[in-house]
Amino acid sequence: MASKISQFIDYIAFERGLSKNTRSAYESDLLRLSEFLGRPSGLHEAGLSVRDVTTDDILSFQEEGRHAGLTDATLARRLVSIKVFFAYLRSENFIDVDVAEPITAGRRGRTLPHVLSEKDVISLLTSPPEGTRDGLRDRAILELFYACGLRVSELADLPLDGLRFEEALVKCQGKGSKVRLVPMGSTSEAALRRYLVQSRPKYNPDPSDQHVFMNKFGEGFSREGIWALVKRYAKKAGLSDAVSPHWLRHSFATHLLANGAPVRIIQEMLGHADIGTTQIYTHVDSARLRGVHTEFHPRA
């Protein structure tokens, strides 16, 4: 089974052009399935063939995850990985029957995204110290997250030629290697310019290095490093320790919608392939409106 997983990962990389992060998630899910099926006390012997896997095996794997406390979202993502893998195996005639095809995730409630208030966003963005090498970098990172609604991987991988100051745009590569342009905003642009002139050369003076943001070793930031940075400043600003880069992405979209931006435009800026994904922010804004109504209407 391990060899077929490896072939599948190559397939989604070269034939479907899926991003490194997506490939890594698929591979992790499938290796966990292989490990589960190959346990000495499990359903099959180690080194099992993909032809040996049954629908019940996959259901048992998911049920174990549910008992282990995995969220509905994680279980649904694992099932997507498994279904795409087995559809690939069937299309290549490695198996005669797609045993994952009949399985559905079932209906589940859609979790509303976490959103910071505009006041809390300001507290977070102003928390890095002024005038220091790291402070200038970190302020530019936080400003760019909120100004553009970038995913953490998009910011970590952002190259210098992705900053189009002459047009006040950021060019980033999202899921599936799709490229999009997002306005950077005047405040974010000012923070970026200051960082690039005063701070970035202190991390790595090599003009050939294309990373916009660098860690203390003069190398490109990892996603984990950026997550830790956001959490550190959230704590400093007195916010929840659960705050993550994605909270800023959600806040970007929600605040745009609250101030009258069309959902279709927000969809383009977020890089969502399906507008249904973007429309979850209309539910967030409706919840905010209901809260205002309840608080201020005399007969609420």
Side-chain angles (χ1 to χ4, degrees), residues 1-111 113 151-154 157 173-180 223 246 267-268 270-280:
M1 187 167 178
S3 65
K4 291 295 184 289
I5 293 174
S6 179
Q7 290 176 39
F8 169 70
I9 298 303
D10 288 341
Y11 164 77
I12 62 175
F14 299 112
E15 297 295 328
R16 295 185 56 179
L18 298 188
S19 70
K20 180 180 178 182
N21 294 336
T22 301
R23 299 196 306 268
S24 178
Y26 274 46
E27 185 173 28
S28 176
D29 292 337
L30 295 172
L31 289 175
R32 287 181 183 276
L33 172 64
S34 179
E35 178 187 2
F36 169 78
L37 296 175
R39 290 175 190 163
S41 58
L43 302 166
H44 297 279
E45 296 298 324
L48 79 160
S49 165
V50 289
R51 291 181 176 273
D52 298 327
V53 182
T54 67
T55 302
D56 285 342
D57 291 341
I58 298 171
L59 291 172
S60 296
F61 174 61
Q62 290 292 81
E63 189 61 27
E64 183 192 64
R66 187 172 288 106
H67 285 308
L70 297 184
T71 65
D72 286 344
T74 298
L75 290 169
R77 190 210 67 212
R78 291 206 318 189
L79 182 57
V80 168
S81 300
I82 293 167
K83 288 175 77 70
V84 174
F85 175 56
F86 276 90
Y88 157 78
L89 294 175
R90 180 67 189 92
S91 69
E92 297 293 322
N93 293 316
F94 292 130
I95 56 176
D96 298 321
V97 178
D98 181 351
V99 295
E101 195 275 333
I103 304 174
T104 60
R107 292 182 61 84
R108 61 186 180 91
R110 197 166 195 183
T111 304
R151 300 178 178 94
V152 65
S153 57
E154 293 169 348
D157 297 336
Q173 184 169 295
K175 291 185 176 180
S177 299
K178 294 180 180 177
V179 176
R180 71 183 189 280
R223 288 179 296 154
H246 232 58
Q267 176 193 1
E268 290 181 21
L270 288 172
H272 286 162
D274 181 0
I275 195 170
T277 307
T278 314
Q279 284 175 332
I280 191 171

- Message: side chain to side chain contact (heavy atoms under 4.5 Å, CB included), that's the test. Do Gln173 and Asp157 meet it? Break it down for me.
- Response: CA-CA 8 Å; Gln173 184 169 295; Asp157 297 336; over 6 Å; no
- Task: Applying side chain to side chain contact (heavy atoms under 4.5 Å, CB included), run through Arg23 and Lys20 and close with a yes or a no.
- Result: CA-CA 5 Å; Arg23 299 196 306 268; Lys20 180 180 178 182; 3.9 Å; yes
- Query: side chain to side chain contact (heavy atoms under 4.5 Å, CB included) between Arg77 and Asp29: does it pass, once the steps are laid out?
  - Reply: CA-CA 9 Å; Arg77 190 210 67 212; Asp29 292 337; 2.5 Å; yes
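Of all the heavy atoms in Met1 and Val50, the pair that sits closest is CG-CG1, 3.9 Å. Nearest heavy atoms, Gly65 versus Arg78: CA-NH2, 3.6 Å. Heavy-atom minimum distance, Ile82 versus Ala100: CG2-CB, 4.1 Å. The shortest non-hydrogen separation linking Arg151 to Gly271 is NH2-O, 3.6 Å.
The backbone N or O of Leu70 lies less than 3.5 Å from no partner atom in the side chain of Thr74, so there is not a single donor-acceptor pair. The backbone N or O of Ile5 sits nowhere less than 3.5 Å from a side-chain atom of Glu27 that would complete a donor-acceptor pair. Using a distance-only test at 3.5 Å, with no hydrogens or angles considered, a donor-acceptor pair links the side chain of Lys83 to the main chain of Glu101.
Of the inter-residue distances, the one linking Ser81 atom OG with Leu31 atom CG reads 10.5 Å to the nearest 0.5 angstrom. For the atom pair Leu33 CG and Gln62 CD, the distance stands at 8.5 Å (nearest 0.5 Å). Between atom CG of residue Leu79 and atom CG of residue Asp72 there is a gap of 12.0 Å, rounded to the nearest 0.5 Å. With rounding to the nearest 0.5 angstrom, the NZ atom of Lys4 is 5.0 Å from the CD atom of Gln7. Rounding to the nearest 0.5 Å places CD1 of Ile9 at 6.0 Å from CG of Leu30.
One finds no salt bridge joining Glu35 and Arg32 here, because no Lys/Arg side-chain nitrogen approaches an Asp/Glu carboxylate oxygen to under 4.0 Å. A salt bridge links Glu154 to Arg180: one of the charged nitrogens lies within less than 4.0 Å of a carboxylate oxygen. The existence of a salt bridge linking Asp96 and Arg51 is confirmed by a sub-4.0 Å separation between a basic side-chain nitrogen and an acidic carboxylate oxygen.
For Tyr11, the ring pair (Phe, Tyr, Trp, His ring centres under 6.0 Å) partners are Tyr88, not counting sequence neighbours. With sequence neighbours excluded, the residues forming a ring pair (Phe, Tyr, Trp, His ring centres under 6.0 Å) with Phe85 are Phe8, listed by chain and number.
The shortest distance between side-chain heavy atoms of Ile103 and Ile58 falls below 4.5 Å. At a threshold of 4.5 Å between non-hydrogen side-chain atoms, the residues Arg90 and Val97 do not count as touching.
A donor-acceptor pair shorter than 3.5 Å can be found between the side chains of Ser19 and Thr22. A side-chain N or O of Asp57 and one of Thr54 form a donor-acceptor pair less than 3.5 Å apart.
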